[in-house]
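The structure appears right after this line, and notes come after that.
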Amino acid sequence: MQTKLSLNIGKLKLKNPVMVASGTFGYAEEFEGFIDLKRLGAIVTKTITLNPRVGNPMPRTCETPAGMLNSIGLENPGIDKFIKEKIPFFKKIGVPLIVSIASESDPEEFVELTRKLNGISAVAAIELNISCPNVKHSHDKLKGVPLISQDKEATFDLVRAVRKATNKTIITKLSPNVTDIAEIAKAAEDAGSDAVALINTLLGMSIDVDNRVPKIARGVAGLSGPAIRPVAIRMVWEVYQKVKIPIIGMGGIMDTSSALEFIIAGATAVSVGTANFINPKTTTDIISGIEKYLCKNKINSIKELIGSLKCQS
Ligand SMILES: Cc1cc2nc3c(=O)[nH]c(=O)nc-3n(C[C@H](O)[C@H](O)[C@H](O)COP(=O)(O)O)c2cc1C
């Protein structure tokens, strides 16, 4: 049924544009007692790898002014256990399920993970996390091994390989830790990605001055929350100028107004991350808030709002 809020991303049919961001909502069952999960536009899982991962040493999160740092290090049960133990719950909810995947060392693992998800009808889309700053290879930049999403050729090759392996909707998640995110988004589009999601966390660091140690065991970590919102909106705006595929915007969305900023900048849908830890009802409040905004401003469809920024330059 078409409503003011419904829209499509690739083959995904969303009843509204509000999703949860990978890694901030577990596997959804953790939030069952707090919100009506059926109201969500879609659910994105914590990133899954081929093998189980215990993640990085503690401490791996800390608060910062207007946000948080995390270096979880992709802790997850591995794809086989995920399929066996977590997928049945999603079948019960009936909200489009987007499974986030990542490789640990060899990009070919993305293709292997995709093949494992291909036959599962409950999986509506696959999100390629080529932008996690908290796994070993990703800090090896100084040694010349960047994140996949820091290199447009590597992004193209990876997305192309996954595209060949699946007919499911592919979303490519991008890193803000680049000079020109729009050219990486274009590479993902050219290779056949159905959408891009941005932004993953910005690299940051906090120091415990009494002990002169980093507050996060690994030192450098990923910054999220309201502090990164203006950067994220700027990047959505830049990517919107460059690509035709839908953008899923995220980074510091806390309320209706901040979600609307992303949509007006060019995002087709939005994801809520850090805010889930503060108020688990943020997503459902935003869904109601966007609906009210459309009615108040006599806008018939959310689609009219996407990229509607009036900008002089
Ligand atoms: C604790 C934590 C864990 C995260 N884990 C993942 C992850 O597994 N995969 C991923 O693609 N992004 C992960 N992210 C990044 C978020 O999905 C999102 O891109 C980022 O936090 C920006 O949105 P926000 O400011 O609303 O949190 C994580 C973020 C946080 C705070």
Side-chain angles (χ1 to χ4, degrees), residues 18-28 30-31 42-49 52-56 58-79 82 86 98-104 110 113 125-135 138 147-149 170-177 181 195-204 206 216 218 221-233 235-236 247-255 258-259 261-262 267 269-280 282-283 286:
V18 183
M19 322 179 170
V20 287
S22 177
T24 65
F25 209 70
Y27 303 101
E30 298 87 335
F31 281 77
I43 293 173
V44 186
T45 67
K46 170 79 190 160
T47 299
I48 312 288
T49 50
R53 284 177 64 90
V54 292
N56 292 337
M58 310 274 182
R60 51 193 193 180
T61 61
C62 76
E63 282 192 40
T64 60
M68 66 180 283
L69 282 171
N70 94 80
S71 180
I72 306 295
L74 299 186
E75 179 183 346
N76 78 92
I79 189 75
F82 166 77
K86 306 292 182 191
I98 301 171
V99 179
S100 168
I101 58 171
S103 63
E104 290 177 276
F110 276 96
L113 285 156
I126 296 171
E127 183 167 284
L128 309 178
N129 178 4
I130 56 170
S131 49
C132 179
N134 299 322
V135 282
S138 56
L147 289 172
I148 295 170
S149 65
I170 299 175
I171 300 162
T172 307
K173 180 142 178 203
L174 305 181
S175 172
N177 304 307
I181 196 168
V196 282
L198 56 127
I199 58 173
N200 209 318
T201 50
L202 275 158
L203 289 177
S206 270
I216 301 288
R218 224 168 152 257
L223 180 66
S224 62
I228 70 170
R229 190 192 305 148
V231 177
I233 291 171
M235 289 187 163
V236 166
I247 299 165
I248 301 166
M250 74 199 81
I253 295 178
M254 304 303 283
D255 50 25
S258 42
E261 279 192 73
F262 278 85
V270 291
S271 276
V272 175
T274 302
N276 292 311
F277 300 127
I278 300 163
N279 173 12
T282 307
T283 42
I286 292 175

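Heads up: numbering here begins at 1 and tracks the sequence. Counting starts at 1 for both ligands and their atoms, in listed order. All values below were derived from every heavy atom in this structure, side-chain atoms included, with hydrogens, water molecules and symmetry-related copies excluded.
- Below 3.5 Å of separation, one finds no N or O of Ser271 facing any N or O of ligand 1.
- In terms of N/O distances under 3.5 Å, ligand 1 is not approached by Val272.
- For atom 29 (C) of ligand 1, the nearest non-hydrogen atom of the protein is Asn70 ND2, 3.6 Å.
- Geometrically, ligand 1 and Ala275 share no nitrogen or oxygen pair separated by less than 3.5 Å.
- Taking any N or O of Asn129, backbone or side chain, at least one lies under 3.5 Å from an N or O belonging to ligand 1.
- Any N or O atom pair closer than 3.5 Å counts here, and Ser100 shares no such pair with ligand 1.
- Polar contact check, Thr274 against ligand 1: a nitrogen or oxygen pair lies under 3.5 Å apart.
- For residues 59-70, the set of pairs meeting the salt bridge (Lys or Arg N to Asp or Glu O under 4.0 Å) definition, not counting sequence neighbours, comprises Arg60-Glu75.
- For the pair Thr61 (side chain) and Asn70 (backbone), a donor-acceptor distance under 3.5 Å is absent.
- At least one heavy atom of Gly252 sits less than 4.0 Å from an atom of ligand 1.
- For the pair Lys173 and Val44, the minimum side-chain heavy-atom distance is 4.5 Å or more.
- Shortest contact from atom 15 (C) of ligand 1 to any protein heavy atom: Asn200 OD1, 3.5 Å.
- In this structure, Asn177 contributes its side chain and Ser175 its backbone to no donor-acceptor pair below 3.5 Å.
- Atom 28 (C) of ligand 1 has its nearest heavy-atom neighbour, among Ser71, Ala21, Ser22, in Ser22.
- Between Lys173 and ligand 1, at least one pair of N/O atoms sits closer than 3.5 Å.
- Within ligand 1, the atoms closer than 4.0 Å to a non-hydrogen atom of Thr47 are 7 (C), 8 (O), 9 (N), 10 (C), 11 (O), numbered from 1 in the order shown.
- Closest heavy-atom approach to atom 8 (O) of ligand 1 within the set Glu75, Lys46, Arg60: this belongs to Lys46.
- If you look at Ile199 next to ligand 1, the close heavy atoms, those under 4.0 Å, all belong to the backbone.
- Within the structure, side chain to side chain donor-acceptor pair (under 3.5 Å) pairs that include any residue of residues 195-204 comprise Asn129-Asn200, Ser131-Asn200 (at least two apart or interchain).
- Shortest non-hydrogen contact noted between Ser271 and Ile253 is O-CD1, 3.7 Å.
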